[in-house]
Amino acid sequence: MKVIRTVRELRETMDNHRGQGQSIGLVPTMGALHDGHLSLIERARKDNDIVVASVFVNPTQFNNLDDLRTYPRTEEADCDKLRNAGVDYAFIPTVEEIYPEPDTRVFDLGPVAEVMEGAMRPGHFNGVAQIVSKLFAWTMPTRAYFGEKDYQQIAVIRRMAELEGFSFDIIACPIKRHDDGLAMSSRNVRLTAEQRAEAPLIRKTLLESVGMKETKSIDEVKRFVEDTINASPIMRTEYYEIVDSKTMQPISRWDDAETAVGCITVYCGDVRLIDNITY
């Protein structure tokens with residue numbers, strides 16, 4: 001595996017592989033890699049001739065400076081994992097390399113970016129669009145891979161790709177979970193032992209709520225999920241919305257969407273955890 005630090009080398013290297021007719025799989029990450037990331041790389045490895053993974057903690061998508069400061073950074077361990085997973089190139093730039101000057105672009109991301117994470121984290125999705133659009137333009141991959149834990153983010157990235165005229169495939173990959181059901185996340189390392197033991201309640205509650213669909217209204221299901229999690233002494237629900245899987249807009253009746261998805265954000269102590277489930 002080769003580590004690339006500059007945009008120029010990334011562009012030239014990818015241009016060379018495309019010129020040879022090779023397919024390229026891109027896996028954008030913010031590092032602190034876990035098995036969820038590695039499952040994306042495994043899929044990209046199966047689908048493509050060349051795999052490039054980026055490791056970059058993008059400052060423009062953090063609306064909370066404490067979250068940016070405490071986000072885990074583990075470059076050496078990340079490189080070991082990427083190498084063992086069969087990645088061909090790791091793109092690990094500095095902030096100055098990505099943003100030699102401020103990125104002032106504002107994307108018209110529309111309704112998919114205005115609810116849930118968009119409402120709770122102003123500017124977050126515009127920052128995601130900034131960095132992902134740069135990675136797309138510099139790499140021009142055949143396929144790009146994202147985890148479904150960030151369900152709304154995938155809808156936003158698809159919208160950005162449409163706006164920017166990127167026509168390659170954006171592949172959504174299933175959530176990777178620990179044995180107790182907790183969705184894998186780089187933030188999980190910040191959980192105390194007590195918090196880590198309590199956090200699987202999120203998944204357990206969502207699974208219970210699926211069985212209520214036939215007999216309960218959406219409002220009743222939402223209330224059950226929120227009340228169950230908020231009954232924990234160390235967790236609180238920031239939001240729980242049941243939305244149309246395509247538009248990300250909240251629905252009020254089960255038949256308002258072909259597929260409904262429940263999206264949740266929970267604070268476990270001061271660690272912000274997200275998850276989702278399909279109804």
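Given the structure is predicted, the values throughout are model-derived calculations rather than measurements.
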Evaluate side chain to side chain contact (heavy atoms under 4.5 Å, CB included) for K213 paired with V221, printing each intermediate quantity in order.
CA-CA 7 Å; K213 177 182 176 181; V221 171; 5.8 Å; no
Do R143 and N48 have a side chain donor and acceptor closer than 3.5 Å?
yes
Return the minimal non-hydrogen interatomic distance between H37 and A32, and the atom names on each side.
CE1-O, 3.9 Å
Looking at R253 and D255, is there a salt bridge between them, counting it only when a charged N and a carboxylate O are closer than 4.0 Å?
yes
So, N84 side chain and D80 main chain: donor-acceptor pair closer than 3.5 Å or not?
yes
So that I can tick it off, tell me whether E162 and R159 are bridged by a salt bridge, with the cut-off set at under 4.0 angstrom between side-chain N and carboxylate O.
yes
Consider only side-chain N and O atoms of E258 and S245, and report whether a donor and an acceptor are under 3.5 Å apart.
no
Does a salt bridge link D47 with R43, judged by any charged N lying under 4.0 Å from a carboxylate O?
yes
The complete set of ring pair (Phe, Tyr, Trp, His ring centres under 6.0 Å) pairs with one or both residues in residues 236-270, sequence neighbours excluded, reads W254-Y279
With rounding to the nearest 0.5 angstrom, report the CG to CG distance, L109 to L163.
6.5 Å
Does D66 pair with R69 as a salt bridge, N-O distance under 4.0 Å?
yes
Validation row: Q20, N16 side chains within 4.5 angstrom (heavy atoms):
yes
Report, as yes or no, whether the 6.0 Å neighbourhood of atom CZ on R83 holds more than 12 heavy atoms from other residues, nucleotides or ligands.
yes
Looking only at heavy atoms, what is the nearest atom pair of D49 and Q22, with distance?
OD2-CA, 3.3 Å
Hey, does I264 have a side-chain heavy atom less than 4.5 Å from the side chain of L206?
yes
Side chains of T6 and E97, heavy atoms from C-beta outward: is any pair under 4.5 Å?
yes
Does the side chain to side chain contact (heavy atoms under 4.5 Å, CB included) test come out yes or no for D270 and R190, once each step is laid out?
CA-CA 9 Å; D270 64 352; R190 295 178 51 210; 3.7 Å; yes
State plainly whether one hydrophobic cluster holds both I4 and V52, where clusters connect Ile, Leu, Val, Met, Phe, Trp and Tyr through side-chain heavy atoms under 4.5 angstrom apart.
yes
d(R223 CZ, M212 CE) to nearest 0.5 Å is 9.5 Å
Any sub-3.5 Å donor-acceptor pair from S185's side-chain atoms to R187's backbone N or O?
yes
Side-chain heavy-atom pair R203, R177 within 4.5 angstrom cut-off
yes
I98 vs W138 side-chain heavy atoms within contact, under 4.5 Å
yes
Got a second to check how far M14's CE is from T142's OG1, nearest 0.5 Å?
10.5 Å
By ring pair (Phe, Tyr, Trp, His ring centres under 6.0 Å), H17 pairs with (sequence neighbours left out) Y89
Hey, what's the ring geometry for F56 with Y99, parallel, tilted or perpendicular (30° and 60° as the breaks)?
tilted
Please tell me whether I154 and V156 are part of a single hydrophobic cluster in this structure, the criterion being side-chain heavy atoms less than 4.5 Å apart.
yes
Say whether F125 and M116 are linked into one hydrophobic cluster, either directly or through other cluster members, by side-chain heavy-atom distances under 4.5 angstrom.
yes
Quick one: name the residues clustered hydrophobically with V51, using the 4.5 Å side-chain heavy-atom rule over I, L, V, M, F, W, Y, and just say none if it's on its own.
M1, V3, V27, L33, L38, L40, I41, V55, L82, V87, I92, Y145, I171
Carefully, step by step, assess E117 and R272 under the rule salt bridge (charged side-chain N to carboxylate O under 4.0 Å, His left out).
CA-CA 12 Å; E117 292 295 282; R272 192 172 186 269; 2.8 Å; yes
Is the F136 to F168 ring centre distance short of 6.0 Å?
yes
Check whether T265 reaches the backbone of E238 with its side chain - one donor and one acceptor, N or O, closer than 3.5 Å.
no
Contact check, side chains of N188 and L273, non-hydrogen atoms, under 4.5 Å:
yes
Roughly how far, to the nearest 0.5 Å, is the CD atom of E148 from the SG atom of C173?
7.5 Å
Closest non-hydrogen atom pair, M248 against V115
O-CG2, 3.2 Å
Nearest 0.5 Å, please: how far is CD1 in I234 from SG in C268?
4.5 Å
Return the CD to CG distance between Q130 and L135, rounded to the nearest 0.5 Å.
12.0 Å
What verdict does the side chain to side chain contact (heavy atoms under 4.5 Å, CB included) test give for M160 and F166, after you've listed the backbone C-alpha separation in whole Å, the side-chain angles of each residue and the deciding distance to 0.1 Å?
CA-CA 9 Å; M160 178 278 293; F166 296 119; 4.0 Å; yes
Short side-chain to backbone donor-acceptor contact, N58 and G127, under 3.5 Å
yes
Between the main-chain N or O of S54 and the side-chain N or O of T29, is there a donor-acceptor pair closer than 3.5 Å?
yes
I'd like to know if the side chain of R105 pairs up with that of S133 as donor and acceptor (distance under 3.5 Å, no hydrogens or angles considered).
yes
Check ion pair R5-E75 (N to O, under 4.0 angstrom)
yes
Spell out, as yes or no, whether a donor-acceptor pair under 3.5 Å connects the side chain of D275 to the backbone of L182.
no
The single option from T205, D227, T228, N230 that satisfies side chain to side chain donor-acceptor pair (under 3.5 Å) with T237 is N230
Going hydrophobic residue to hydrophobic residue with side-chain gaps under 4.5 angstrom, can you get from V243 over to V225?
no
Polar side-chain atom of R158 near backbone of I170 as donor-acceptor pair, under 3.5 Å:
yes
Locate the shortest heavy-atom distance separating T13 from E9; write the atom from each residue and the value.
OG1-O, 2.7 Å
Carboxylate-amine/guanidinium proximity below 4.0 Å for D180 and R196
yes
What is the minimum heavy-atom distance between E198 and M235, and which atoms define it?
O-CE, 3.6 Å
Trace of the side chain to side chain contact (heavy atoms under 4.5 Å, CB included) decision for D256 with D244
CA-CA 8 Å; D256 284 346; D244 183 300; over 6 Å; no
Same apolar cluster (I L V M F W Y, side chains within < 4.5 Å links), F146/I274:
no
Say whether, by atom type as modelled, one donor and one acceptor occur between the side chain of Q152 and the main chain of V112 under 3.5 angstrom.
yes
Main-chain N/O of A77 paired with T74 side-chain donor or acceptor, under 3.5 Å:
no
Can you tell if the side chain of S186 reaches within under 4.5 Å of the side chain of M30, non-hydrogen atoms only?
no
Tell me whether the count of non-hydrogen atoms from other residues, nucleotides or ligands lying under 6.0 Å of CD in E208 goes above 12.
yes
Is a salt bridge present between R18 and D15, judged by a nitrogen-to-oxygen distance below 4.0 Å?
yes
For the pair E220 (side chain) and S217 (backbone), establish whether a donor and an acceptor sit closer than 3.5 Å, ignoring hydrogens and angles.
yes
Search all heavy atoms of Q249 against all heavy atoms of P111 and return the closest pair with its distance.
NE2-O, 3.0 Å
